[in-house]
Amino acid sequence: MPRQTLAMAAAYTFLVLLAVTGAHGFHVEEATVESIQQGFRNGSLTSVQLVRFYLNRIRGLNPLLRAVIEVNPDALRQAARADNERRRSSSVRCLAAGAGGLLHGVPVLLKDNIATRDGLNTTAGSFALLGSVPPRDAGVVSRLRRAGAVVLGKANMDEWANFRSLPGTEGWSARGGQARNPYVLTASPCGSSTGSAIAAAASMAAVTLGTETDGSILCPASLNSVVGIKPTVGLTSRAGVVPVTTRQDTVGPICRTVVDAVHVLDAIVGYDALDAAATEAASKYIPDGGYVQFLKKDGLKGKRIGVPNGFFSYPNGTVQHMVYQQHLNTIREQGAIVIENLDIENLSVILDTLNNGEQFALAAEFKLSLNTYLSDLSYSPVRSLAEAIAFNIAHPAEEKLEEIGQLIFLVAENTTGIGATEKAAVDRLNKLSADGLERLMKEHELDAVVTPNNALSPVLAIGGMPGITVPAGYGALGVPFGLSFGGLRGYEPRLIEMAYAFEQATKVRKAPTFLP
């Protein structure tokens, strides 16, 4: 990356920041949801000013980071409406519109597979879906709008949520280009919620949403030094989200702090008739009073936390080895009981996703789910997986067909539904989960297990279980890494307690460095 380009981006950002720092000295960069609301209340900030800051920030940094695919042409109008609602917030109508909530007037960036019925496209990063029109907002978007949030735009992502080819795309999509890690530009940004994590880290949005099938929130959040919450499957609606599989897909927040992520989580959880089976089953996990009540600085006290074997295998003397050991000591000092040397039964089989049956199940589920999504669109250039495959063949340069391929697409297209093989694969995955992490946690009465980055994501994925990653440190070259807390379905309250207490005890996160 030319240093001149980097310097120009940094200088532009500095000028933008000066231009939008209000008379009362409100500092927008790295601002939290709560500080934004305080700015709204004391008059040092308006939603319009905030949206303009982020739009200028995107204009200045996106040529470098490629975190955003497109911005909402209606964002400033939404912000002006939010400002007007706040001015009239004593009326019943405005309070009902969300004027009293913490996300009211706050810009949110959505991963490009989360549908919006507005001037934005929803393409999963592919030109094949450019111009497609969803019949309605995705379920989580409807909830954000009811909370008064401003939809700022769509974030870049691994095209088709990294489910097109085995080599993967490492933060690339045809529409968005190659996304870059804002800490070390040549380091992996991970995916598939790449742009959401980068944008959150680089203050290109107040908060963001990502999706995860297996690692797609936890990995980019970890490597871009932000907080990511992968909720229990069904806790958040998947209606209106370009799918991989209803068995594992989930939507969650990616933010700079645990507090912000929890505020977003509170806004998006709940029953959705368009994702009825999953959201009804998971609604029993939603606590009265929401999740913000679990933001406790002593949240580690008395918790039983397991450290499974096979994950913290960093060589002695490396930054990661030393820092993770320090963090385990900190967790103990905060009152947790840390139990090490635990074995997850059949861990090697669970992690071998190419041979444990998961790919058999996912391929068939993907074809069925995607065809259903595409057929429900009001308009789309492609109406099936077969037509998406044909589109890539017809546009090999734009879609990097020779370089990346579409093997997973081809395998999925050759499936014929959920037959005996696929049912057996799902049964095996369920048994691996039940005999693995689920049994381990129950036998040892664990509140969570901790692992580096997204290392545990395949284990969590097959069981529909939640995880939260928190910034943990920076390697010798400056590349971020995280610490993830994982637990059983519905364990979000205790995971939030632990993640928040860890964050407050360590306070590791720093703003991006944009190193070449």
Nearest heavy-atom contact between Ala267 and Leu103 is CB-CD1, 3.5 Å
*asked:* If we count only N and O atoms by modelled type, under 3.5 Å, do the side chains of Thr232 and Glu492 hold a donor and an acceptor together?
replied: yes
Exercise. Going by an N to O cut-off under 4.0 Å, is there a salt bridge joining Arg86 and Asp83?
Worked result: yes
- Message: For a side chain to side chain contact (heavy atoms under 4.5 Å, CB included) check, start with the C-alpha distance between Tyr285 and Tyr491, then their side-chain angles and the critical distance, and finish with the verdict.
- Response: CA-CA 8 Å; Tyr285 299 129; Tyr491 270 31; over 6 Å; no
Original post:
In this structure, are over 12 heavy atoms from other groups packed under 6.0 Å from Glu340 atom CD?
Top reply: yes
**Prompt:** Hey, is Glu503 close enough to Arg509 for a salt bridge, meaning N to O under 4.0 Å?
**Reply:** no
Under a 3.5 Å cutoff, is there a donor and acceptor pairing between the side chains of Asp260 and Thr32? no
The residue among Gln320, His321, His327 that forms side chain to side chain contact (heavy atoms under 4.5 Å, CB included) with Val323 is His327
Between Ser225 and the options Pro512, Pro471, Pro182, the side chain to side chain contact (heavy atoms under 4.5 Å, CB included) test singles out Pro471
Can Thr469 and Asn454 be counted as having a side-chain donor-acceptor contact under 3.5 angstrom? no
(Q) Does either side chain, that of Lys111 or that of Ser192, offer a donor lying less than 3.5 Å from an acceptor on the other one? (A) yes
Q: State yes or no: are the ring centers of Tyr474 and Phe481 separated by less than 6.0 Å?
A: no
